[in-house]
Structures are given as structure tokens and as C-alpha cells.
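For reference, the structure discussed in these notes is given below.
Please read all numbers here as calculations on a predicted model, not as lab measurements. Within every chain, numbering begins at 1; the chains are lettered A, B, ... in the order of the sequence lines, protein sequences first and strands thereafter.
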Protein chains: 4
Amino acid sequence: MGEMHGDKYEAILNAAYTVFGTKGFYESKISEIAEQAGVAKGTVYLYFKSKEQLFIAVTRRDCEQYLAEMQDALVNRTLGEGLLRMASLHLHYYYKRKQHTKLFFMTPNSDPDLIEFMRGFIQDYTDLVKNKLASEGVLQPEFHAKAFIGMMERLKMDILLNQDFRECDVDQTAALAANLFMHGCEAGVQKS
Amino acid sequence: MGEMHGDKYEAILNAAYTVFGTKGFYESKISEIAEQAGVAKGTVYLYFKSKEQLFIAVTRRDCEQYLAEMQDALVNRTLGEGLLRMASLHLHYYYKRKQHTKLFFMTPNSDPDLIEFMRGFIQDYTDLVKNKLASEGVLQPEFHAKAFIGMMERLKMDILLNQDFRECDVDQTAALAANLFMHGCEAGVQKS
Amino acid sequence: MGEMHGDKYEAILNAAYTVFGTKGFYESKISEIAEQAGVAKGTVYLYFKSKEQLFIAVTRRDCEQYLAEMQDALVNRTLGEGLLRMASLHLHYYYKRKQHTKLFFMTPNSDPDLIEFMRGFIQDYTDLVKNKLASEGVLQPEFHAKAFIGMMERLKMDILLNQDFRECDVDQTAALAANLFMHGCEAGVQKS
Amino acid sequence: MGEMHGDKYEAILNAAYTVFGTKGFYESKISEIAEQAGVAKGTVYLYFKSKEQLFIAVTRRDCEQYLAEMQDALVNRTLGEGLLRMASLHLHYYYKRKQHTKLFFMTPNSDPDLIEFMRGFIQDYTDLVKNKLASEGVLQPEFHAKAFIGMMERLKMDILLNQDFRECDVDQTAALAANLFMHGCEAGVQKS
DNA sequence: AATGAATGAGAGTTCATTCAT
DNA sequence: TATGAATGAACTCTCATTCAT
């Protein structure tokens, strides 16, 4: 529903997702994306105004999908269950995208549209978590939301960079993270 | 101590720090760095083999300074004090570098030297925290170290991106973070 | 027939032939060749991978044309007639190329493709003459082939460098050369 | 006798001879020559006005030495002996310089001084041979001189390019060449 | 809508040469 | 005389973007 796009639009977006994700924005070439999509170079410009706009479209699609999944994860759950579910989702989401690491690091610099969009996404993500925390009575919900997301981001990095990380490790890490966030590290101090 | 380099070496490194930090690797031009440093373009290549190597040199200097400060922060402190001090240092460090944001995001992709160095830096930083946690009896110290650093990274982002953030807010955030990490978010749940 | 190349391909090749021939490889600029060909700089790189490859293409075209003409010159002729015809062709060929001297002297150094090609060309040329000599019963045909070609090369130099050399002198020189090669210089010693 | 030059002058000239000879003019760097000579880059410019002038000085020294040896080879000899001696000298001279091939091929293009000098050298060399031929009664001595030199040049190429060529092959080739030049190739036609 | 040949601004890098010491 | 740090002009090559077909 909404916009009518042809097959080529999807093909280009998918190809861009792969190429940008593999090489990052600056090292990706439009010609390679076009080839990967099975269209001519000029065709890319029929659907996207510029390389930057194509990057933004890729990013937007990915982020929106991400937020939608997160939203679902929070309905009808206790704080502990919600955090666990979010942690799990966060890590699994990126685990599936191991091959697209660069999409999250190597982004173009100067484009104001993208900066604006990313700011918005981060805000939306933070708000999602913040509202959940607030509704469960956690004080300083914004601060706690940011801290939670940050924790997950760093743990995600491990998954992206560490080739030995297996899918079953993901859930274990998620559980540890949710627990830490709930009870702090002292819960894990050895009695001496 | 240290290598003997002339004034120009320092000038170029400082200029590169500023320019790379402001625009990121790909959008920075050697000619601009040279101009900023007050030397000719060719002079840059007397001191650094390539744009990539210059970037690495800038990054290395910054990271080493960072680790040195962190190391000092941990000696002779309890777990709580150490975490608080680290949180504070982490945030203050980047607060001072508000203008050099891009140095931490926009890095060249393909250079193996840089990838290797960054991996090493992250490892060293993690180990620093991990060892402190382990010596205080925290279980799963590696996991907790990563989570702590992640938390700080995300909070740092706020500082970098939010122009309204004042220096006094930094300490407050650091305190909240250390406390959260020690006792979990439930410590802040309102009685209802 | 052969490969299908557009007009631009030919135009660039012709321009490169002129510019390389006039200034030599190292003193020629791609920008000048492009301008001479009436195309943009970038267009050159659509058809040729590098300056070296462009040079090789120019050289190859010229050498192949040369060998083809030589081959024709040898069919159904006696030794004396064949040598005379070859000498004539050799000298006329370069006489027509007076303006492209540098193509034969100033070649890039390091390119292995070119070195290989030139070795092959010299070999082919030598074999052509050698086979003719052998079929006419001349002993040591390879040595004699090299000597003959060398003689012609030096005489060619005269033509290239001496601006006063007229076309009619060419035939005279060719006849002298063929005769010398057949009978030696003593045939021309004055009785005393 | 004549000019007073220090040790450094000689050292630079020798280094330039080696480097130019190995890599050709355009691929040689002044810095490498200076290093090879054991002096600083700037010192080269105390003795030679430019890279071109240094190349000319190297070439001149080599050519003068060559002509001097040739001159000696011709005194008090018959035509046949003289030609044989010259052929032998020509080939041996370059055999000894196998490692300096590039000096004879890759020369700078545009320098008028060098062009003038080379023209002069070729003239002197030709005259040397021409006078010998004339004094022995050979008709058209200039033409014959050029043909002889050309023959030798081509045979020299073989020596320079063919790594398997042994020193003893040199004399054999020289004898064949002198004989061919004296009596023509028909002297070697098989009776049938 | 689709193509892909053509463009040309712009980047990194080299290296002969200079000149203050 | 000797140095070598500094210069900056000049080059090759890339690639996002356009537009005639």
C-alpha cells in the first residue's frame, strides 16, 4: 500500500543494501549496485535522485522494519520480559545482518537529510524503550533507555566482528544483558 | 620518550585531527589538511606515507592518550569509585572533543592496518575494565566490561550530538551510569 | 572486420599515434591525446585501461600493419628481388612516418606486456626474413636476417632524422642496401 | 687533464650511469642517484644543472670513451682486419654494458642539447668508419659506413636482450658480420 | 521506462628543484 | 661545499551524473 514501485525499484534497493552493507557508502560504486540489480546505471537515477538518496532509502527501510519488530516485542509483557525480548531482538537482528556490517558504520557525512533521519530514528528507538520503562515505573526513563540501547549496541559489535559467535550465544548474551540491566553487576559479585 | 619529530610533524597531525574529526576521512582532503597545518601539500607526504597512514597516526595518538588516562583512573579505588571515575572520564573525554565527532565514526574502510589497530584498541580498553571488574570479584567480567563500555558509548553519543549538553550535566550522567551499572534499574523503580 | 569499435575508439587511437609519435610516451599527456581526439579525458579510459595499454594498442596496430605489408613483399620473388623489395618497403614505411619518430624510441620501460609484445614483433620480423633467406639457400639465415634488418634500421634513422631526405633518395638507398647485402662492400672497391 | 672535478663529481656520474642505465631516464629519480653516490640530493645540483644535464654528461662520457677505443682499433690495419676489429669492439663494448641497456634506449625527449649531442656522436662515429672505408677505396663510403654501423647495432641488441649470449659468441658474431659486410650473403649460399 | 556512452571535476601522489642552514 | 626539508606544479585515473537514443 502507499507508493507504487516497480520490480526494478526493489531490485535496486536490495542490491544497494548488499553493496553498501558490504563496502560502506564511499567504497561502493553505483555501477556495481546497478550490475548487482541487473539494471543499467542510468536506471538507478530514474528511481533515486542521487547516491546519497539511495543510501538514505536503504537505511530508512531497514530502520523502519527494525522499529516495527521492536514495537511488537513490547506489548503485554512485564518489564523483565520486555527487556529480555528487546535485548534478544536487538542482537538477533544484527546477527542476521552480519554480512551488512558496513551499513551501520560507514555512512556518508555531509548529507543533512541522512543526519536528520538518523537523529529521528535514534529518537524513536529511545522513545520506544523510554515509554516502556516509564510505564513500569522506572525513574529517569530517558537516561535508562539510552544506557540500555548503548549496552546492546556494544554487545552487537561483538557479534558483528567476532566470526566465532554462534546463534545460540546470542540468547545467552541477551539474558545476561537484561539481567545486568535489571539488577546491576553486584548481583554477580562472588561472596568472599 | 617518544620519537623525535619536528614542528611540522605535530602541525600536520593536529591539522589532520581537526579536519578528519570535522569531516570524516573520505570528505577530508590532503590539501585542506596541509593548508590548515601551514605547509605545502607535498610536505604531508614527507611525514606520512599516505592519507590512510595519516589517519591511523591521528587515531593512534588519540587512542593511546585515552587509554593512558583510563589506566590512571583505576588505581587504588573501590569498584564503585572506579566505575564512577571511568564513566566520568569517558564522558568528559568526548565532551572535550565535541568538535571532532567524525573521527570516531567516519573511518576508512579497507585499510587493514587501521582495522587491526582499532581491534587492538577496543581489546585493550575492554581488558582494562575487565581486569578491574575481575579483581573486585564480579562474575563474567568480560561480558560486564563490554556492557559498561557500550553504555558509556551511547551516552557519549548524546553528548556529541546534543548541542545543549553542558559540562555539569556530564558528571550527573556519569553518576547515574555508574549507579545503574552497580545496582540495576530496579533500584530506581517507584514504589507504587 | 576484426573487433567492432566505435568511431571514438579509432579517433583516440589515431590521436595517440600522433601524440606518442611526436613526443614519446613519457612526455605525452592523456589530456592532450583526448583533446586531439575530440573526446573528454575520461572517455579515453572507457576504451583503454591505462596509458600503457593505450601505447601498446598503438604500437600493436602499427607493427601488425607493417608485418602484413612485409609478408606480401616476399611472395614469388628471387632472393635479390625480395631483398630489394623489403629494403624499399622498410625505408618507405618509415619515410611516411617521419612525423612519428618517437613512437619507435621513447617507449615505456617497465610494462611487461609491451616488452613481451615487442620481443614477439622483433621475432616475427626476423623469422619472416630468415625463412626467405633459408628458402634461397643462404647459410646462417638467422644471423643474416638480423644483420639485414639492422642495416635497414640504421638507414631508416637517417631518413627519420635528416629533414633533407627526399622520397626519391629512398629507392636509391634501398637498392644500394640490397646490393651490399648480396655482394658485400668489396664489389664497390675501386680498382687501383 | 682539463677540468678539475672532485670525488663527488665522479661518484655522481658513476651512480647516474648505473641508475639511468638500469631504469632509463624517466624512471630514474635524482634521489636514488644521490643515495647511490653517497651524497645528498642537493649536492647533485652543485655539479649538474638539471636531471637532463646529468644525463647528457653520462652519455657524453660514455660516447667519448667509445669513440676513442674505436679510433685506436683502425690504425694500421687492412680493410678486412679493421672491419673485424670494429665489429668485435662494438659488440664487446655493449656486452660489457649488458646491465646498462636502458642508457641507449630510454633517453629524454625534449632536450635540445641532448639531441644535438647525439646527432654529433652519430656523425663522428659514421665519419670514423667512412674515412676508413674511403681510404681503402670503397665507393659510397658514407652509405656503407651507415649500413655497417646499423648491422652492428642490431646484432648488439641481441646481445643486450638475450641473457644466454656468452662472451665467446661475441667474437664469432663479429667475424660473421665482417665477412658478410665484405663479401655479401651470397658467399654463403649453398651450392645446389 | 530504460540504456550506457560520454563527461569532467577533482582527488591523491610524485619528484625535480630550491635555499636556509 | 654540502645538506635535506620544503615546495608545488603536474600527472593519471575514478566515478557520480547526464542525456540522446
So [Y] and [X], do their side chains get closer than 4.5 Å, heavy atoms only?
X        : Y        : result
Leu46(A) : Val39(A) : no
Thr18(D) : Glu32(D) : no
Tyr47(A) : Leu13(A) : no
Gln53(B) : Ile56(B) : yes
Thr59(B) : Phe20(B) : no

With Phe48(D), which residues qualify under ring-ring contact (aromatic ring centres under 6.0 Å, His included), at least two apart?
-> Tyr9(D)
Just by modelled atom types, is the Ser28(B) backbone N or O under 3.5 Å from a matching donor or acceptor in the Lys51(B) side chain?
-> yes
How does DNA chain E look in dot-bracket form if you count Watson-Crick and G-U pairs under 3.5 Å, write [ ] for pairs that cross, and put | where a base pairs with another strand?
-> .||||||||||||||||||||
Protein proximity profile, nucleotides 7-13 of chain E - base contact B, sugar-phosphate-only contact S, no contact -, cut-off 4.0 Å on heavy atoms | BBBBSSB
Between Asp124(D) and Tyr66(D): side-chain donor-acceptor atoms closer than 3.5 Å = no
With a 4.0 angstrom cut-off to heavy atoms of chain C, pull out the first and last contacting nucleotide of DNA chain F, in 5'-to-3' order.
->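 From 5' to 3', the first and last contacting nucleotides are dC11(F) to dT14(F).
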Who are the salt bridge (charged side-chain N to carboxylate O under 4.0 Å, His left out) partners of Arg60(D), not counting sequence neighbours?
->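 Applying salt bridge (charged side-chain N to carboxylate O under 4.0 Å, His left out) to Arg60(D) gives none.
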By salt bridge (charged side-chain N to carboxylate O under 4.0 Å, His left out), which residues pair with Arg119(B), not counting sequence neighbours?
-> none
